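Count residues from 1 along the sequence. All values reported here derive from a predicted model rather than from experimental measurement. Numbering of ligands and ligand atoms starts at 1, following listing order.
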Amino acid sequence: MAIADPSNRLEAMPPYLFAELEKRIADKRAAGIDVISLGIGDPDQPTYDYIVKAMQSAVADPATHQYPSNRGRDDFREGFADFYERRFGVEIDPSSEVIPAIGAKECIYNLCFAFLNPGDVALAADPGYPVYTGGPILAEAKPELLPLVPELGFVPDLGAIPSEVAAKAKLMFLNYPNNPTGAVVPDGFFDLVVSFAREHEILVVHDCAYSETTYDGYEAPSFLATPGAKEVGVEVFSLSKGYNMTGWRCGAILGKAEAVQTYWRLKTNIDSGLFEAVQIAGIEALNGPQGPLQRMNATYTRRRDLVVSALREIGVEVTAPRGTIYVWAPVPEGHTSTSFAELVLEEAAVVVSPGSMFGAGGEGFFRISLTAADERIEEAVERIREHLA
Ligand SMILES: Cc1ncc(COP(=O)(O)O)c(C=O)c1O
């Protein structure tokens, strides 16, 4: 043992692959190469003006400067309840069924510490957002991967989960519209999830990070709109992607009251809540004018169409996603996810994410993020066409 040795818990974690990718991009850029990154999903456009204005006036009010409470402001909880009613037709009790989160990532991670004992099992969609496995590992629990089956529309086959695994599971992480596959939830799937969770007494955590980023008239449902969902689950809602607010760290957890209160109890020991000015701006984001969000979705639609048609031209069979900011595509024959991503980086100086970055179930695919300016996306697809056709 030496000074500053990492804990065994941290040592058990796989490396955070985006950090490695960022370093490789930085090295290439330092060598004078014009790298176009379509790797990470961080919206390139600024937060909408009306939200920035709400923040400016909130931050000028000294009443927002003190410690917030972990329960959140009354108007934040009420504002979320109004939004859920209007947007999803879901009734939320503002006094017990919603509190703020400092982004979905924090919330998902902390739910692991709120509910998992060492040795417990958490079911994690595979491929999936890395915290679904990293959170359980850090909590000394065991993530069990639920392969998302392309033929089923990228949902797990719940019937294929061994009964001894289901019996040990305490949490299940799902996410629609889905990162990284871009899939939207097939009709009836959430009903199956509710029955499965009831039967095996599992708390469902539905990560709703992309519900507002949808195309072609598709409107993503809330998991909580499923009959019985509030008895077995919570939803983690994030303003990061839809409202271009990744830097603001604004989200909420909603649903089963006992679960929300347990998360709150854990948080009172860890952090001191979400900056009240951010809460005020977040509520304005959700309940203010939604025109900028719609225009942003029109921009993503245009970018999506560019990427999808360029990929089809070089023979990649790809489904145009109806939600999220990602295009998920199979790698050409003879490649692994990593070898293809390396090839695109070396030949075209374009960064795409290898599907295997999101878990074993992502092998054989790559992900393109639509969060670069139109001209950069056009340039990237041109380079891919030129070098890989
Ligand atoms: C599925 C999913 N959940 C959660 C997050 C993180 O959201 P937040 O910025 O609210 O922490 C991301 C970000 O990429 C994501 O893709």
Side-chain angles (χ1 to χ4, degrees), residues 16-19 21-22 37-45 47 51 72 76 80 98-112 122-136 143 146 148 154-156 171-185 204-214 220 222-223 234-254 263 267 270-271 274-275 278-279 281-282 285-286 300 321 323-328 351 353 355 357-359 361-362 367-372:
Y16 199 69
L17 290 171
F18 273 113
L21 193 60
E22 274 164 18
S37 180
L38 307 181
I40 203 158
D42 192 352
D44 57 302
Q45 298 292 305
T47 306
I51 306 170
F76 182 88
F80 247 101
V98 52
I99 65 167
I102 309 175
K105 190 174 188 179
E106 171 271 298
C107 185
I108 293 161
Y109 170 83
N110 276 324
L111 287 171
C112 296
L123 303 174
D126 172 40
Y129 185 56
V131 186
Y132 307 155
T133 47
L146 294 185
L148 301 186
F154 291 105
V155 294
L171 291 180
M172 171 157 64
F173 294 110
L174 294 170
N175 153 236
Y176 294 95
N178 182 257
N179 174 19
T181 68
V184 300
V185 67
V204 178
V205 178
H206 181 244
D207 175 359
C208 197
Y210 296 93
S211 60
E212 305 316 294
T213 305
T214 56
S222 160
F223 170 67
V234 289
E235 186 152 80
V236 181
F237 187 95
S238 169
L239 280 78
S240 285
K241 312 289 174 152
Y243 296 89
N244 295 348
M245 290 174 71
T246 48
W248 299 50
R249 317 310 305 130
C250 187
I253 181 171
L254 307 102
Y263 165 75
K267 294 251 294 175
I270 295 175
D271 64 59
L274 177 62
F275 181 23
V278 172
Q279 293 186 44
L286 296 178
Y300 286 135
T324 77
I325 46 183
Y326 309 110
V327 173
W328 182 247
V351 179
S353 304
M357 225 176 190
F358 306 95
R367 191 192 78 172
I368 286 186
S369 165
L370 302 172
T371 53

Could you list which atoms of ligand 1 come closer than 4.0 Å to a heavy atom of [X]?
X	value
Gly103	10 (O), 11 (O)
Asp207	1 (C), 2 (C), 3 (N), 4 (C)
Asn179	1 (C), 15 (C), 16 (O)
Asn175	1 (C)
Ser238	7 (O), 8 (P), 10 (O)

Notebook entry, point to check: Who passes side-chain hydrogen bond (donor to acceptor under 3.5 Å, both in side chains) against Ser37, sequence neighbours left out?
Noted result: none
Between [X] and [Y], what is the shortest heavy-atom contact and its length?
X	Y	result
Val184	Gly323	CG1-N, 4.2 Å
Tyr176	Pro156	OH-CD, 3.8 Å
Lys267	Ala101	NZ-CA, 4.4 Å

Next item on the list: Just need the protein heavy atom nearest to atom 6 (C) of ligand 1, so name the residue and atom and give the distance.
Entry: Tyr129 OH, 3.3 Å
Notebook entry, point to check: Has ligand 1 got any nitrogen or oxygen that is less than 3.5 angstrom from a nitrogen or oxygen of Ala104?
Noted result: yes
Next item on the list: Answer yes or no: does an N/O atom from Ser240 fall short of 3.5 Å to an N/O atom of ligand 1?
Entry: yes
Item checked: With Arg367, the side-chain contact (heavy atoms from CB on, under 4.5 Å) member among Leu38, Thr181, Asn179 -> Asn179
Notebook entry, point to check: Nearest to atom 14 (O) of ligand 1 by heavy atom, Lys105, Arg249, Met245, Lys241: which?
Noted result: Lys241
Notebook entry, point to check: Any idea which part of Tyr132 is under 4.0 Å from ligand 1, heavy-atom wise: side chain, backbone, both or neither?
Noted result: side chain
Checklist line | Asn175 and Tyr129: CA distance, side-chain angles, deciding distance, side-chain contact (heavy atoms from CB on, under 4.5 Å) verdict | finding: CA-CA 9 Å; Asn175 153 236; Tyr129 185 56; 5.6 Å; no
Next item on the list: Using the six-membered ring wherever Trp is involved, compare the ring planes of Tyr132 and Phe173 and label them parallel, tilted or perpendicular (cut-offs 30° and 60°).
Entry: parallel
